[in-house]
Amino acid sequence: MKKEAKKIIRSIIDKARSTAVRSVDFCRVQMYWNIGKRIFEEEQQGKERADYGAYLIKNLAKELEPEYGSGFGERQLKFCRQFYRTYPIGNTLRSQLNWSQYRLLIQIPDPDKREYYELESVNNAWTARETERKINSMLYERLLLSNDKESVLAVARKERIPEKTVEIIKDPMVLEFLGLERKASYYEKDLESAIISHIADFLLEMGKGFSFVTRQKRILLEDDEFFADLVFYNRLLRCFVIVELKTEKLTHQDLGQLQMYVNYYDRCEKQEDENPTIGILLCTDKNDTVVKMALPENNTTILASKYQLYLPTTEELIKEIDEVKLQAHVNR
C-alpha cells in the first residue's frame, strides 16, 4: 500500500476516534444537565421547606454513589443543579465542551466573563486544562486592562477581527508554565530556553494567530552583528512580531535596540502587502512614562509588556487595573 493511502487511512481512524471521544464527552454533559434539571424541578416542589434541596441531594447521593461511583456524590450533584440553573436551555449546550470545562464555567458568576471563556474555549479548541489555566491566569481581566468589554466580547463572538495590537497582545503576560524559580535575577538565555521548551504554551499565552518563526535571528549591519531574541508571525495582524527578553527593568536603550530590529524587518524582510512589524519588549518591570517619552507620540508598533512567573492573585490584578486607570487619567 502506498504511503499516501496509509496516511489517509490513519487520518480516517484518528478522526473517528476523536469524534467518538467528543460524542461520549457530550453525552456525559447532557446526562449531568438532565440530572440537574430533575433535581431542580423536584426541589421546587418542596420549595416551602428551605432545607428540602440539601436533603434531596444528600439522600440521592447516598443511593447513587455506591452503585455508580464518585461521579454521583453529593458535591457532583450540587454541580449538576448549578449547571442546569446556569444553562436552563438544553439546546444551547456546546458539544465542543466537556463536563470538566462546564464545571469551570458554572463557577464564574459574571455572565460576560463566563461567555468569553465559553466562546474562546470553543473557538480555540482549548482542552479543559487550557481553559482552567486561562481562567486562573485571569486572561479576561488582563485583556480588559487595554480594551473595553464590548470589543473583547465582539472578538470572542467572531463579530469582528482584531485589528489593533492591544486587542491581541496582553500586558502583563503570565509565564508560570515555564517552571522558572522566583529569584532576584537569572540569565536571559535561561528565559529564552525555557520559552522554546514550552513554545506551545507560550504561543497560547501570546494570543490569537501567532506562529513561531525563529530564535536568535542574526542581523548583520555592515560589520556589526546583532541577534533578535524571538521572531513570530501573526496571521490576523499580518505582520512579523519581534520579542526581546529582558530580565531586568527596561531602559530607553532597550527600546532603541528593539526599534532597530523592527526597522530592519520592515525594510528587509516584510512583503509589500504585509503590515508594519511589531516589537514587544518583555521585561520584569517598566516605567510607562519612560516608554512614552522614548517613543514617538503616534507609536503603535513598539510595546513594552511585563511578565510574571506566577499566576496573579485577584488583589494583584485589581492593583494593576487601578494603576492603568490612574495612568490613563493622567495622560488625558
Side-chain angles (χ1 to χ4, degrees), residues 116-117 120 124 126 129-147 152 155 162 164-183 185-213 215 228-234 236-237 239-250 254-255 258 261-262 278-288 291 300-321 323-324 327:
Y116 172 79
Y117 286 115
E120 288 296 74
N124 299 291
W126 288 344
R129 184 187 71 83
E130 289 167 344
T131 299
E132 183 176 24
R133 185 196 171 270
K134 292 298 186 181
I135 294 172
N136 290 340
S137 69
M138 301 183 181
L139 170 62
Y140 178 71
E141 290 84 352
R142 285 187 287 143
L143 286 172
L144 292 184
L145 287 173
S146 52
N147 300 277
V152 170
V155 171
K164 300 177 182 178
T165 55
V166 294
E167 294 183 87
I168 293 180
I169 298 165
K170 297 173 287 298
D171 180 24
M173 290 191 189
V174 180
L175 309 179
E176 94 293 342
F177 53 82
L178 298 181
L180 294 173
E181 298 178 14
R182 292 197 209 181
K183 54 185 181 181
S185 62
Y186 44 87
Y187 294 111
E188 287 166 9
K189 65 179 183 180
D190 295 331
L191 178 60
E192 181 184 323
S193 296
I195 288 174
I196 295 300
S197 297
H198 298 81
I199 192 64
D201 291 317
F202 187 73
L203 288 172
L204 195 63
E205 173 62 14
M206 284 280 284
K208 292 177 178 291
F210 280 95
S211 58
F212 177 59
V213 177
R215 67 186 294 193
D229 289 337
L230 300 168
V231 181
F232 300 87
Y233 192 84
N234 189 284
L236 298 178
L237 299 174
C239 67
F240 287 103
V241 179
I242 301 172
V243 177
E244 277 292 287
L245 307 172
K246 298 297 173 185
T247 56
E248 297 177 353
K249 188 173 182 177
L250 71 79
D254 297 328
L255 292 167
L258 180 56
Y261 295 161
V262 166
I278 294 170
I280 303 175
L281 192 60
L282 205 53
C283 54
T284 56
D285 197 10
K286 62 174 179 171
N287 182 322
D288 287 322
V291 175
T300 58
T301 59
I302 302 293
L303 305 172
S305 178
K306 291 196 299 185
Y307 68 87
Q308 53 193 64
L309 301 175
Y310 55 92
L311 292 174
T313 64
T314 303
E315 292 75 19
E316 288 172 331
L317 200 65
I318 290 174
K319 181 181 177 182
E320 186 84 27
I321 292 171
E323 289 176 356
V324 170
Q327 188 66 38

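When each of Phe212, Tyr307, Phe232 is checked for a ring-ring contact (aromatic ring centres under 6.0 Å, His included) with Phe202, only Phe232 meets the rule. Among the candidates Asp229, Leu255, Leu245, Ile302, the single residue satisfying the side chain to side chain contact (heavy atoms under 4.5 Å, CB included) test with Leu281 is Leu255.
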Intermediate values then yes/no, side-chain contact (heavy atoms from CB on, under 4.5 Å), Val174 and Arg142: CA-CA 10 Å; Val174 180; Arg142 285 187 287 143; 3.7 Å; yes

Report the C-alpha distance between Arg133 and Glu205 in whole Å, list the side-chain angles of each, state the deciding distance to 0.1 Å, and finish with yes or no for salt bridge (Lys or Arg N to Asp or Glu O under 4.0 Å). CA-CA 10 Å; Arg133 185 196 171 270; Glu205 173 62 14; 3.1 Å; yes

Would Lys170 and Met138 count as a side-chain contact (heavy atoms from CB on, under 4.5 Å) if you check the C-alpha gap in whole Å, the side-chain angles of each, and the deciding distance to 0.1 Å? CA-CA 11 Å; Lys170 297 173 287 298; Met138 301 183 181; over 6 Å; no

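Rounding to the nearest 0.5 Å gives a distance of 4.0 Å between CG of Leu139 and OH of Tyr116. Atom-to-atom distance recorded for Asp190:CG and Thr247:OG1 is 9.0 Å, nearest 0.5 angstrom. With values rounded to the nearest 0.5 angstrom, Glu188 atom CD is found 11.5 Å from Ser193 atom OG. Annotation: the span from Asp285 atom CG to Leu250 atom CG amounts to 8.0 Å, rounded to 0.5 Å. Taken to the nearest 0.5 Å, the CD1 atom of Ile280 stands 9.0 Å off from the CG atom of Leu258. Taking CG of Leu191 as the start and CD1 of Ile196 as the end, the distance is 10.0 Å to the nearest 0.5 Å.
Residues Val213 and Val241 fail the side-chain proximity criterion, which asks for heavy atoms closer than 4.5 Å.
Ring-plane geometry between Phe177 and His198 is classed as tilted, the angle between the planes lying from 30 to 60 degrees on a 0 to 90 degree scale.
Ala194 approaches Leu178 most closely through the heavy-atom pair O-CD2, 3.5 Å. Heavy-atom minimum distance, Leu143 versus Glu167: CD2-O, 4.1 Å. For the residue pair Pro162 and Leu237, the shortest heavy atom distance occurs at O-CD2, 4.2 Å. Contact detail for Leu145 and Pro172: the closest heavy-atom pair is CD1-CD, 3.8 Å. A pairwise comparison of heavy atoms in Lys246 and Asp254 identifies CE-OD1, 3.5 Å as the closest pair. Among all heavy-atom pairs drawn from Met206 and Phe210, the shortest one is CE-CE2, 3.5 Å.
Ionic pairing of Arg215 and Glu192 is present here: one or more N-O contacts between side-chain nitrogen and carboxylate oxygen are shorter than 4.0 angstrom.
In this structure, the side chain of Thr131 does not engage the main chain of Tyr117 through any donor-acceptor pair within 3.5 Å. The main-chain N or O of Met173 is never found under 3.5 Å from a side-chain atom of Lys306 such that the two would form a donor-acceptor pair.
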